[in-house]
2 protein chains.
Amino acid sequence: MGKVSIKNIAQELGVSNATVSLVLSGKVKEGRVSKDMIEKIMLTAKAMHYEPNILARGLRMGKTQTIGLIVADISNPFFGQLAFQIQEYAEKFGYTVIITNTNESDVKMDKMISILKSRQVDGLIIVPTNHGELAIKELVTSHFPFVLVDRHFPQIPTNHVVVNNYVASREATHSLIQDGCKKIALLVYDNKLYHMSERKRGYVEALQEAGLYNPELIKEINYLNIQEDVINSINDLLKGDKKVDGLFSATNTISMIGINQILELNLKIPDDIKVFCFDKNSEFDISNFKIPYIIQPIPEIGKKAVDILINEIEHHSADTTQIELVAQMSVIR
Amino acid sequence: MGKVSIKNIAQELGVSNATVSLVLSGKVKEGRVSKDMIEKIMLTAKAMHYEPNILARGLRMGKTQTIGLIVADISNPFFGQLAFQIQEYAEKFGYTVIITNTNESDVKMDKMISILKSRQVDGLIIVPTNHGELAIKELVTSHFPFVLVDRHFPQIPTNHVVVNNYVASREATHSLIQDGCKKIALLVYDNKLYHMSERKRGYVEALQEAGLYNPELIKEINYLNIQEDVINSINDLLKGDKKVDGLFSATNTISMIGINQILELNLKIPDDIKVFCFDKNSEFDISNFKIPYIIQPIPEIGKKAVDILINEIEHHSADTTQIELVAQMSVIR
DNA sequence: CTGAAAGCGCTTACAG
DNA sequence: CTGAAAGCGCTTACAG
């Protein structure tokens with residue numbers, strides 16, 4: 001027994017494909033088909049284990065009820081949770097989500113956009129990569145519906161949902177200052193993404209204001225070489241004369257490795273060095289030292305992105321929506 | 001400018017759809033089309049930004065080069081990493097992966113299977129839910145290609161890739177005994193899934209062998225009420241007379257909450273109570289107390305599952321492949 | 001109340 | 001060397 005199609009059901013009952021299709025898709029209008037026949041069709045469909053072929057429907061209707069999601073790394077809990085929220089929420093509107101990864105590679109981002117378009121997704125939600133501007137620009141000029149999340153390019157007018165990276169980072173750094181830190185380092189990615197430079201700017205301005213700014217305490221990490229870069233940076237920052245007493249870490253992956261290395265050097269947090277992180281690592285709660293962090297409203301980010309995208313898909317609204325949500329500081333205990 | 005199809009290119013060049021299709025899909029045989037025309041077609045396709053409609057191709061060929069992945073919770077890093085590996089590996093064979101969630105609900109599992117089949121995926125990789133046997137049985141009788149991962153039903157003959165839950169749990173428990181624990185508790189889900197009962201069995205047998213088994217020290221947790229159940233269990237286990245000195249935690253989510261609560265009670269790990277966990281929480285590394293855990297070979301699980309599935313899809317092999325991989329204990333420092 | 005027919009974009013035997 | 005035509009499974013005007 002192969003797959004059951006509308007045609008099979010129609011033949012079985014001696015009616016036309018049209019009648020079966022109308023009934024099964026719930027589009028049958030009053031008086032179109034007799035009550036009797038409606039019931040028969042429903043029963044037969046169930047009995048024959050009919051499952052609609054969404055590909056065929058999509059081809060015909062020019063719409064697949066599918067959203068493509070492109071994240072930087074699905075194994076990172078931040079993106080995992082974001083993907084989860086997007087999927088749960090999109091499902092409410094009858095959309096399926098196809099999740100793909102770029103691993104922060106713009107080549108892969110291009111590829112994923114192309115694959116997802118080939119699969120006729122109705123729209124895209126994208127966490128863009130470092131050198132992804134060109135691909136995003138092309139998307140804009142082709143009027144393909146999409147929303148950027150987590151990051152955006154300020155010089156390209158796009159839908160996007162991001163957080164207040166600058167303010168949050170500034171407040172976090174300020175909090176370290178208030179806790180008495182005099183030499184506060186920053187670990188940040190070396191990419192040119194706006195959200196990253198905003199985090200850096202928040203750090204820099206808080207320190208400048210306090211007269212504590214020292215560019216030598218900024219360490220730029222390469223994503224492809226995280227482990228080594230972070231370890232070297234921490235080692236250098238905690239060496240004899242330079243020895244910092246505070247650290248602001250700009251992402252959760254950097255934080256993980258950095259904190260590990262600090263402990264490896266047999267230093268105590270927060271006694272020897274105070275740490276503040278961007279993004280939560282659930283583990284912060286279970287360590288005896290409770291590390292403060294900036295927490296992003298992941299569910300809201302996901303929901304807003306879906307709302308904007310579906311609105312554009314279904315109403316072809318041409319204007320762009322740009323949302324900046326507030327990332328809070330965790331309560332420090 | 002709407003979407004560009006093969007027809008558009010054919011008209012542009014005054015050739016037939018067949019010729020264009022053959023060239024673009026790389027199926028053109030020696031002498032079928034002149035070199036000149038091949039080049040022209042390729043160039044025009046590029047110039048017009050042609051992107052093949054994979055839906056249409058899938059409809060025609062009865063094959064979509066798509067794998068459906070159904071996990072219990074994509075926001076759980078274990079499944080996030082698994083999804084990541086599956087996706088990366090499947091891509092090498094030209095397959096796209098659609099990831100979906102069940103939240104451990106069998107109703108949702110049914111729904112996801114149906115949605116993915118409607119989308120004409122070529123096969124499924126499934127982390128089955130507690131009461132999911134019926135759906136899995138149906139899949140077996142329908143001869144739809146699929147592989148179970150992480151969990152399986154011993155009474156249903158299916159392809160699956162799992163780990164040696166029994167042995168690993170037994171060894172972990174044994175290790176706690178060797179560390180001098182006399183009263184070792186177990187936190188485990190209350191579901192009837194085989195992998196869970198195997199973890200329990202490993203714990204029980206290790207204790208029985210040592211003459212330390214006490215069924216009152218087993219606490220069953222309900223997935224829908226994790227937080228409260230774990231907290232209550234920990235509170236109870238650490239009360240006056242019962243007070244345990246060891247804990248084996250059967251999953252990473254349970255571990256997180258449990259360890260938190262232990263610390264909340266102002267107890268020290270491992271001085272007051274030793275803990276051993278199934279599955280890694282990256283955070284174990286950054287806490288000052290290094291908690292030992294059982295680590296599953298996630299990349300291998302993913303790869304094996306993809307290998308088995310693609311083999312079944314492409315070669316219609318009828319026999320089932322069942323793989324049990326070895327989960328190691330983390331090195332305790 | 002219902003059916004015949006066209007067409008979404010693709011591939012592939014078949015005919016020339 | 002190349003094209004016309006059928007058909008994958010669906011939906012939807014149109015005709016009766």
Side-chain angles (χ1 to χ4, degrees), chain A residues 1-41 44-45 48-66 114-115 117-122, chain B residues 1-41 44-45 48-66 114-115 117-122:
Chain A
M1 173 198 94
K3 281 173 188 161
V4 180
S5 70
I6 280 187
K7 200 163 131 194
N8 298 141
I9 298 174
Q11 282 172 342
E12 182 76 21
L13 293 173
V15 295
S16 75
N17 297 353
T19 303
V20 175
S21 170
L22 250 22
V23 170
L24 256 28
S25 62
K27 279 184 190 148
V28 68
K29 290 198 194 96
E30 187 64 39
R32 176 69 165 83
V33 183
S34 70
K35 283 227 161 181
D36 220 44
M37 186 49 81
I38 292 183
E39 203 166 320
K40 257 191 197 165
I41 290 172
T44 310
M48 295 176 78
H49 294 105
Y50 172 71
E51 302 193 74
N53 183 327
I54 307 227
L55 258 52
R57 179 186 294 163
L59 181 59
R60 171 62 222 241
M61 313 243 297
K63 179 121 195 308
T64 56
Q65 297 291 117
T66 309
S114 153
I115 286 182
K117 284 176 91 173
S118 283
R119 285 179 188 265
Q120 312 303 114
V121 298
D122 298 327
Chain B
M1 172 198 94
K3 281 172 191 163
V4 179
S5 70
I6 279 187
K7 200 164 131 193
N8 299 141
I9 298 174
Q11 282 172 344
E12 183 75 20
L13 294 173
V15 295
S16 74
N17 297 352
T19 303
V20 176
S21 171
L22 250 22
V23 171
L24 257 27
S25 62
K27 278 184 192 146
V28 68
K29 291 200 196 96
E30 188 63 39
R32 176 72 165 81
V33 183
S34 70
K35 282 226 163 185
D36 219 44
M37 186 49 80
I38 291 182
E39 202 167 323
K40 257 192 197 164
I41 290 172
T44 311
M48 296 175 79
H49 294 106
Y50 171 72
E51 302 193 73
N53 184 326
I54 306 228
L55 257 52
R57 178 186 297 163
L59 181 59
R60 170 61 222 240
M61 314 243 296
K63 178 118 196 307
T64 56
Q65 297 291 118
T66 310
S114 153
I115 285 181
K117 284 176 91 174
S118 284
R119 286 178 187 266
Q120 311 304 115
V121 298
D122 298 327

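Lettering of chains follows the sequences in order, A, B, ..., and the numbering in each one begins at 1. Values reported hereafter were calculated over all heavy atoms of this structure, with side chains retained and with hydrogens, waters and symmetry mates removed.
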Query raised in the report: Rounded to the nearest 0.5 Å, how far apart are CG of B/Asn17 and CD of B/Gln11?
Result: 8.0 Å

**Report entry** Pairwise distance OG(B/Ser34) to NZ(B/Lys40) - rounded to 0.5 angstrom
**Finding:** 8.0 Å

So, OP1 or OP2 of [N]: does either fall under 4.0 Å of a side-chain N or O from [X]?
X: A/Arg57; N: D/dT11; result: yes
X: B/Lys3; N: C/dG9; result: no
X: A/Ser21; N: D/dT11; result: yes
X: A/Ser25; N: D/dC10; result: no
X: B/Thr19; N: D/dG3; result: yes
X: A/Lys27; N: D/dT12; result: yes

**Report entry** For atom CD1 of B/Ile6 and atom C1' of C/dG7, their distance in whole Å
**Finding:** 16 Å

Query - Atom-pair distance (CG on A/Asn53; P on D/dG7), nearest Å - result: 18 Å

**Report entry** A/Gln65 to A/Asp122 - nearest heavy-atom pair and separation
**Finding:** N-OD2, 2.6 Å

Query raised in the report: B/Leu22 near the nucleic acid: base, sugar-phosphate alone, or nothing, with a heavy-atom cut-off under 4.0 Å?
Result: base

